[in-house]
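As the structure is a computational prediction, the values presented were derived from the model and not from experiment. The first residue in the sequence is number 1, and the count goes up from there.
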Amino acid sequence: MNTRLTNLQRTICTLLFFTLIAAVTLGGGSTTQAASLSQSTVYYESDGVLYKVSADGSNTTEVLIDFEGVDLSAAGSYLYYTQTASSTTLLRVPNDGSSDAAETFATDVLSYYTDNGFIYYLDATGTIYRANGDSDASAVTQIADKADTDFPFLVVIKGRVYYNALVNGNTWIVSKTSNGTGAVQRIAAGAVESRYFTNQGKNELQLMVNTDPYEQFYSTNAVVMYKVNYNTGKATAVNPKAKLDVNAVYSGGWGNNLYVYNKGIELDSNKNYNYAKGKAFALTTSAKTLQLHTKSVREVSALGTDKVILVDTDKKAYAKTVSGNKVSKSANLNLSNVTYVTNQMNNGRPTLAYFSGNNGLYSVNTALKVTKLTSDEWDAFQLRDDVPGMFYINAKDQYRLYHVQPGGTGKKVLSDVFLDNILLVIPN
């Protein structure tokens, strides 16, 4: 599985047309076992200084004194990042504090990703390169070309790189072995526009493909779910004759082997999603459609093997148990004014969900026990699969870094300085 990063700032902009609020990782890896806090590292920024600390609070290190960057990702003994979200210059710095300045690794970079110690990047010419994270920039190897730079999607999963390519002048989502050998395998005509539209099932990669990605004015019925076998690379369309509305899909998200979409959602006068319109439905990987909730949903995630956790238009939290292609149980989690939900994987299973809202941070286990982790003192948080608990900035304690266990115990201060941001959590 990919080890995912999830982080969230307390102030969130409204979801815009074709704009996704999704905290997705720039790095992945093979299936891992759960790491202890002493086996994990947190990177954070304070007043222009990049720090790292063991997740148990020990071994604080200044990594880079003059730091300005976003989208931090680790490969080998280096950290890769760009200076701003719009920058196309890929920088890197050793993770041990041994360098006084970052070095330029590549330019004209539209997308990058790390996996199993390798750095991958797609540049403005539509070429995809990879290198060992510890190698010099001159050691990069070209692994693919003809990527569609209008839709610079790039992800590496289970030994294959997935990207949007130009095939006879048309956009296709394709894949290729991550070392660049073998032929390009076509998956579907259209584009995957974000890593948010990928979901790693047990035996297959699930994708939401926009078959008409250049249509930017009207929301049309254009989205098809595809299942891609990890071993063979063969793809199967789930709903080729019943394509979903783009806004309905882009305002929803993944559950347990299903995609939740808001049927009938509209845009308001500011071109934001009007969640007061529509109802939440789900498309399963077996091509079944079911109504999930009586209202539209703002956020959705998976929990356990059969539960969908959601925040609805009224900012209330619910859990839906889905079995036999229908909702067999609906549970009100009695949380109000929540705005975001995500899950945490442990050994490949979503064993915990986390909600955030103006009143605090909460965890929910597979038995649907809700635990309040913090009150309104949180400013930003971050978590990582296979790293226990949550890391957050405590605005009522000089904006210092804290960690709390998923059961609400073991709350601990991890920094002496204030934080501007939590940048990355990784198992060592």
Side-chain angles (χ1 to χ4, degrees), residues 12-22 190-194 196-197 199 206-226 237-302 307-322 324-333 335-341 355:
I12 305 175
C13 63
T14 305
L15 189 62
L16 301 176
F17 180 52
F18 285 113
T19 300
L20 306 174
I21 291 177
V192 175
E193 297 196 70
S194 166
Y196 184 74
F197 297 123
N199 187 55
Q206 299 152 10
L207 305 171
M208 301 302 286
V209 179
N210 186 346
T211 62
D212 189 16
Y214 281 100
E215 174 54 72
Q216 298 288 307
F217 189 78
Y218 295 104
S219 183
T220 60
N221 294 332
V223 181
V224 178
M225 179 191 289
Y226 279 83
V238 174
N239 59 314
K241 297 182 179 181
K243 298 175 183 177
L244 300 179
D245 175 77
V246 173
N247 277 351
V249 171
Y250 282 24
S251 62
W254 293 100
N256 261 309
N257 293 311
L258 53 80
Y259 195 92
V260 180
Y261 60 97
N262 291 313
K263 185 176 182 179
I265 198 167
E266 298 177 0
L267 302 182
D268 61 22
S269 59
N270 295 317
K271 303 302 181 182
N272 300 328
Y273 288 127
N274 182 0
Y275 288 98
K277 302 290 185 178
K279 299 178 181 180
F281 283 74
L283 173 66
T284 73
T285 55
S286 57
K288 302 296 183 181
T289 299
L290 59 115
Q291 184 173 335
L292 192 73
H293 194 58
T294 57
K295 301 179 180 181
S296 284
V297 299
R298 297 174 180 270
E299 299 288 343
V300 62
S301 194
K307 294 180 179 63
V308 179
I309 307 296
L310 61 88
V311 176
D312 75 0
T313 185
D314 298 323
K315 299 182 180 180
K316 295 181 179 180
Y318 294 86
K320 307 285 185 173
T321 302
V322 178
N325 294 312
K326 65 179 181 180
V327 176
S328 59
K329 184 178 180 181
S330 179
N332 186 336
L333 299 179
L335 295 176
S336 59
N337 204 22
V338 289
T339 55
Y340 184 74
V341 63
F355 286 93

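Every residue two or more places apart in sequence or in another chain that forms a side chain to side chain contact (heavy atoms under 4.5 Å, CB included) with A319 is listed here: I309, A331, L333, L368. Here Y226 pairs with nothing under the ring-ring contact (aromatic ring centres under 6.0 Å, His included) rule; sequence neighbours left out. Taking T289 as the reference, Y261, F281, L283 meet the side chain to side chain contact (heavy atoms under 4.5 Å, CB included) condition, with sequence neighbours excluded. Judged as a side-chain hydrogen bond (donor to acceptor under 3.5 Å, both in side chains), and not counting sequence neighbours, N337 has no contacts. Here K315 pairs with nothing under the salt bridge (charged side-chain N to carboxylate O under 4.0 Å, His left out) rule; sequence neighbours left out.
Proximity of L292 to V327: side-chain heavy atoms (C-beta onward) are separated by under 4.5 Å at one or more points. In this structure, the side chains of V300 and V341 stay at 4.5 Å or more apart for every pair of heavy atoms. Taking the side chain as every heavy atom from C-beta outward, F197 and L207 never approach each other to under 4.5 Å.
The CD atom of E266 sits 11.0 Å away from the OG atom of S219 when rounded to the nearest 0.5 Å. Interatomic distance, T313 OG1 to I265 CD1, rounded to the nearest 0.5 Å: 8.0 Å. Note that CG of N272 and CG of L267 are 8.0 Å apart. Values are rounded to the nearest 0.5 Å. Summarising the geometry, atom OH belonging to Y196 is positioned 10.5 Å from atom CE belonging to M208; distances are rounded to the nearest 0.5 Å.
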Let's go through T285 and M225 carefully: what are the C-alpha distance in whole Å and the side-chain angles of both, what is the deciding distance for side chain to side chain contact (heavy atoms under 4.5 Å, CB included) to 0.1 Å, and is it a yes or a no? CA-CA 8 Å; T285 55; M225 179 191 289; 3.9 Å; yes
Quick one: do L258 and V322 satisfy side chain to side chain contact (heavy atoms under 4.5 Å, CB included)? Show the steps, please. CA-CA 10 Å; L258 53 80; V322 178; 4.2 Å; yes
Passes side chain to side chain contact (heavy atoms under 4.5 Å, CB included), V224 versus V238? Steps please. CA-CA 7 Å; V224 178; V238 174; 5.9 Å; no
Is there a side chain to side chain contact (heavy atoms under 4.5 Å, CB included) between V338 and K316? Walk through the geometry before answering. CA-CA 6 Å; V338 289; K316 295 181 179 180; 5.9 Å; no
Run the side chain to side chain donor-acceptor pair (under 3.5 Å) check on Y250 and E193 step by step: do they pass? CA-CA 10 Å; Y250 282 24; E193 297 196 70; 2.4 Å; yes
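For N257 (side chain) and T284 (main-chain N/O), no donor-acceptor pair under 3.5 Å exists by modelled atom type. With hydrogens and angles ignored, the 3.5 Å screen pairs a side-chain donor or acceptor of D245 with a backbone N or O of N247. Judged by distance alone, the side chain of S296 and the main-chain N or O of K277 form a donor-acceptor pair under 3.5 Å. Looking only at distances, a side-chain donor or acceptor of S328 sits under 3.5 Å from a matching main-chain atom of T321. Looking at E215, its side chain does come within 3.5 Å of a backbone N or O of F217 through a donor-acceptor pair.
Heavy-atom minimum distance, V260 versus V308: CG2-CG1, 4.2 Å. Here the shortest heavy-atom pairing between N210 and A222 reads OD1-CB, 3.6 Å. Minimum heavy-atom separation, N199 to G255: ND2-O, 4.3 Å. Across all their heavy atoms, K307 and N256 have their closest contact at O-ND2, 2.9 Å. Taking both residues in full, the closest heavy atoms of G190 and P213 are given as CA-CD, 4.4 Å, listed atom of the first, atom of the second, then distance. Contact record, F355 with L310: CE2-O, 3.8 Å, taken as the closest heavy-atom pair.
The salt bridge (charged side-chain N to carboxylate O under 4.0 Å, His left out) pairs that include a residue from residues 278-295 are K295-D314, where partners are two or more places apart or lie in different chains.
Between Y259 and W254, the two ring planes are perpendicular [angle over 60°; tilted spans 30° to 60°].
Seen from the ring of Y318, K320 counts as a face-on cation partner, given the 6.0 Å and 45° thresholds.
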